[in-house]
Amino acid sequence: MSDLATGQTAAFILESLPEHADVLEIGCGSGAVALELMRRGHRVTGIDADPDIVASARKVGVNASVGIWPGFESDAAFDAVVFTRSLHHIQVLDAAIDRAAAVLDPGGSLIIEDFAFADIEPAVLWEFAQRLRQIESLNDEFLVRLRAAADPLAVWQHDHLHEIHSFRRMRNAVAQRFEIVRQSSAPYLFRYVPEFAAPAILAWETELNDRSIGRRIVAKLL
Ligand SMILES: C[S@@+](CC[C@H](N)C(=O)[O-])C[C@H]1O[C@@H](n2cnc3c(N)ncnc32)[C@H](O)[C@@H]1O
């Protein structure tokens, strides 16, 4: 994840953490967000299903281990359980949320940052594809197809309609077990582009407000 993307995600999470929080980050990837939270005085336990990624997170000093959520044993109670762009991948959604509830301290927070792929507006995607055309030396295969497409929505749907959860499904699963105390939209497409091009895409998406496809939830146990 780029520094810009990490900073945006960390700022959102930090708003909901008490001082010196014990945080469990599920799908921590290479540990960029965890490191940022640690720098702000929080203790982070990361788990990820991918052993190579866990090795890279450990290399930078994150207390990460291999685990496939919701299969994770812990006697500790956490002040926050965080999913950043990982919940849409986790197949057994209800069990994933139930387990998050089980490892949270009663006053703790469930914090989710994800995306609503099914809710993208064709006009927004079209504009994104146009903006991709202005980025030189783009070599991500998905982005190259997207910007060349006569119908960018068809490319988007083809690449996102595999086994990932819609935001509506994730939100409903959370609402069964938690009270959602905050829900907002956030820029997301800027995360796809190379770091040098991300600020301009982020500025454009910020102006889109609720038409952006990033989604953030903060929830408390019922
Ligand atoms: C799109 S990446 C996001 C990584 C990081 N949180 C970020 O925002 O950059 C999703 C991560 O979730 C992990 N993941 C997917 N399913 C998982 C599961 N059931 N348990 C733990 N990690 C999982 C993947 O290995 C991957 O590292």
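Order of appearance sets the numbers: ligands from 1, and atoms from 1 within every ligand. Keep in mind the model is a prediction, meaning the values are calculated, not measured.
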To which protein heavy atom is [atom] closest, and what is the distance rounded to 0.1 Å?
atom: atom 3 (C) of ligand 1; answer: Thr84 O, 3.7 Å
atom: atom 22 (N) of ligand 1; answer: Ala49 N, 3.2 Å
atom: atom 9 (O) of ligand 1; answer: Met1 CE, 3.5 Å
atom: atom 8 (O) of ligand 1; answer: Arg85 NE, 2.9 Å
atom: atom 18 (C) of ligand 1; answer: Trp69 N, 3.7 Å
atom: atom 4 (C) of ligand 1; answer: Gly27 O, 3.5 Å

Only heavy atoms of [X], strictly under 4.0 Å: list the atoms of ligand 1 that pass.
X: Gly67; answer: 20 (N), 21 (C)
X: Ile68; answer: 19 (N), 20 (N)
X: Ser86; answer: 12 (O)

Show, in sequence, the C-alpha distance, side-chain angles and deciding distance for Asp114 and Arg85, and conclude whether the salt bridge (Lys or Arg N to Asp or Glu O under 4.0 Å) test is met. CA-CA 5 Å; Asp114 219 300; Arg85 285 160 289 285; over 6 Å; no

Intermediate values then yes/no, ring-ring contact (aromatic ring centres under 6.0 Å, His included), Tyr192 and Phe142: CA-CA 9 Å; Tyr192 286 99; Phe142 167 61; 5.7 Å; yes

Flag the pair Phe115 / His160 as yes when their ring centroid distance falls below 6.0 Å, and as no otherwise. yes

Closest approach of Phe83 and Val81, non-hydrogen atoms and distance? CE1-CG1, 3.9 Å

Looking at Glu205 and Arg211, is there a salt bridge between them, counting it only when a charged N and a carboxylate O are closer than 4.0 Å? no

May I ask you to decide whether Arg145 forms a salt bridge with Asp159, counting only side-chain N to carboxylate O separations under 4.0 Å? yes

Report the part of His89 in contact with ligand 1, treating N, CA, C, O as backbone and CB onward as side chain, heavy atoms under 4.0 Å; options are side chain, backbone, both, neither. side chain

Are Arg215 and Glu113 close enough, and set up right, to give a salt bridge (Lys or Arg N to Asp or Glu O under 4.0 Å), and what steps lead you there? CA-CA 6 Å; Arg215 294 288 183 274; Glu113 186 175 71; over 6 Å; no

Just go through Asp50, Asp48, Asp52 and tell me whose heavy atom is the nearest to atom 24 (C) of ligand 1. Asp48

Identify the residue among Val218, Leu104, Ile217, Ile112 that makes a side chain to side chain contact (heavy atoms under 4.5 Å, CB included) with Phe178. Leu104

